[in-house]
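One structure below.
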Amino acid sequence: MSKAFLRKTRETRVRGGHPWIYASEIERVDDGAENGGIIDVYSCKNTFLGKGFFNANSQITIRILTTLDEEIDEDFFRRRIQDAWNYRKLLCDPMSCRLIYSESDFLPGLIVDKFADILVMQALSLGIDMRKQMLARLLAEITGAKGVYERSDVPVRRHEGLEQTKGLLWGEVPDAVLMTENGIVYSVDVKNGQKTGFFLDQKQNRAAIAPLCPGAKVLDCFCHNGSFALNAAHSGARSVLGVDISEDALAVARENARRNHLEDIASFEAHNCFDLLRELTEQGETYDLVILDPPAFTKSRAALESALRGYKEINLRGLKLTRPGGFLVTCSCSQHVSPEQFQDVINQAARDSKKHVRLVEYRTQAYDHPILPAASETKYLKCMILQVMN
């Protein structure tokens, strides 16, 4: 087994439970270390620290799999997958969940979403990519899934020296899969939908708005396939307007509304949400419940300031559109925006809109996206439920 030795004082994060080792933290690597292979990690004092995937082409050169001196073979991956499956069966809906959440399930670079009896996989590290056929077989064996489809058509793979790809890995997979979440049936386009076809991380946040919905007039901006909007309609809203810039996404939302007999309550329109929020504000419109769930405004720290300006703009408009005593549900999935920065943006927006707000609840991602306290990168979703006062 090849070995990597860390620079002096650079083992602190690994000892603390962080799964990444950067190229700048490594003193030397034995000859013969293979990209995508397993490497033993040692401190500068020759103390064993763990084993992980090695890739000299990536800035994250080593991704820790275990801190034990154990064999990394098929049985190892079977145990990891079984542990993840047991967790989901205990705490989540096993028919609608993220089955594997990468580092948080100690399988760095592997994402697997489960929609009914179909699995959708992303291989985001070279080590996972080289083992994806075996992993697909184990996933199907453990969960009883009928098919595993790969959606590794994401730009982040280039950091590992990998091309984007997608296709069938195991069994049979239909073009669309029917899945039930929070009592609502959705059609999930696993082959061509955004990312793996559906955003599961907001499941519990969508359920959390139920007490705010009976009799409410609701605006759902950046609604994508309409999941927040349909939860509001399902929970008793009198009217729901879902808005997104993508007509393709809205076509799915309308079909989901019809499938759940909610089309008389929930309607969907294609607009640029920034423009529409401004227009509705100027028209003096108000809503009982406003939902803001935009895509990530930045994928890097370099664009952070621009992202914060974007969040302030939509939240200022959202606050103005919420009637006194009504509620604003505002979210950010930008990993580079910290909870403190997001809170500060809301404070600025409330000040500039001349609104007082009180926090009902501060939420994060669903249980099927567990967070490693030692790795802040695993916590990215921020969701604030606010009551808006004059």
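By convention here, the first residue in the shown sequence is residue 1. Computed over heavy atoms, backbone and side chain alike; hydrogens, waters and symmetry mates excluded.
Gln164 and Arg157 are not linked by any side-chain donor-acceptor pair at a separation below 3.5 angstrom, with hydrogens and angles left out of the test. With 3.5 Å as the limit, one finds no donor-acceptor pair spanning the side chains of Ser125 and Glu160. Checked by atom type, the side-chain pair Tyr311/Ser334 shows a donor-acceptor distance below 3.5 Å. Donor-acceptor pairing under 3.5 Å is lacking for the side chains of Thr165 and Glu163. Between the side chains of His18 and Glu377, at least one donor-acceptor pair of N or O atoms lies under 3.5 Å.
Remark: the backbone N or O of Val185 is paired with a side-chain donor or acceptor of Asn260 at under 3.5 angstrom. Between the Lys146 side chain and the Glu172 main chain, no donor and acceptor come within less than 3.5 Å of each other. Side-chain atoms of Asn231 come within 3.5 Å of backbone atoms of Ser227 as a donor-acceptor pair (strictly under, hydrogens ignored). At least one donor-acceptor pair under 3.5 Å links the side chain of Asn205 to the backbone N or O of Thr364. Asp244 places a side-chain N or O within donor-acceptor distance of the main-chain N or O of His224, the cut-off being under 3.5 Å. Side chain of Asn225 to backbone of Ala249: a donor-acceptor contact under 3.5 angstrom is found. When atom types are taken as modelled, the side chain of Lys191 and the backbone of Val173 share a donor-acceptor pair closer than 3.5 angstrom. Here the side chain of Thr322 pairs no donor or acceptor atom with the backbone of Val290 at under 3.5 angstrom. In this structure, Asn55 contributes its side chain and Gly36 its backbone to no donor-acceptor pair below 3.5 Å. Within the 3.5 Å criterion, the main-chain N or O of Tyr367 finds a donor-acceptor partner in the side chain of Tyr87.
Electrostatic pairing of Arg88 and Asp105 counts as a salt bridge here, judged by a charged N lying under 4.0 Å from a carboxylate O. Between Arg151 and Asp113 no salt bridge is recorded (no basic side-chain N to carboxylate O distance below 4.0 Å). The pair Arg254-Glu247 counts as a salt bridge, with a side-chain nitrogen and a carboxylate oxygen less than 4.0 angstrom apart. Looking at Lys114 and Asp368, no side-chain N of the basic residue comes within less than 4.0 Å of a carboxylate O on the acidic one, giving no salt bridge. One finds no salt bridge joining Glu25 and Arg7 here, because no Lys/Arg side-chain nitrogen approaches an Asp/Glu carboxylate oxygen to under 4.0 Å. Salt-bridge check for Arg278 with Glu313: passed, with a basic side-chain N closer than 4.0 Å to an acidic carboxylate O. Contact check on Glu103 versus Arg63 returns a salt bridge, with a Lys/Arg side-chain nitrogen under 4.0 Å from an Asp/Glu carboxylate oxygen. Glu255 has a carboxylate O that lies under 4.0 Å from a charged side-chain N of Arg259, or vice versa, which qualifies the two as a salt bridge.
Atom CZ of Arg28 has 12 or fewer heavy atoms from other residues, nucleotides or ligands within 6.0 Å. Counting non-hydrogen atoms of neighbouring residues, nucleotides and ligands closer than 6.0 angstrom, the NZ atom of Lys166 exceeds 12 such neighbours. Within a 6.0 Å sphere centred on CD of Glu27, heavy atoms belonging to other residues, nucleotides or ligands number more than 12.
Taking OH of Tyr380 as the start and OG1 of Thr378 as the end, the distance is 10.0 Å to the nearest 0.5 Å. Between the CG atom in Leu292 and the OG1 atom in Thr330 there is a gap of 5.0 Å [rounded to 0.5 Å]. In this structure, CZ in Arg13 is found 6.0 Å from OH in Tyr22, a value given to the nearest 0.5 Å.
The aromatic rings of Phe274 and Phe222 lie perpendicular to each other, with more than 60° between the two planes, well past the 30° mark.
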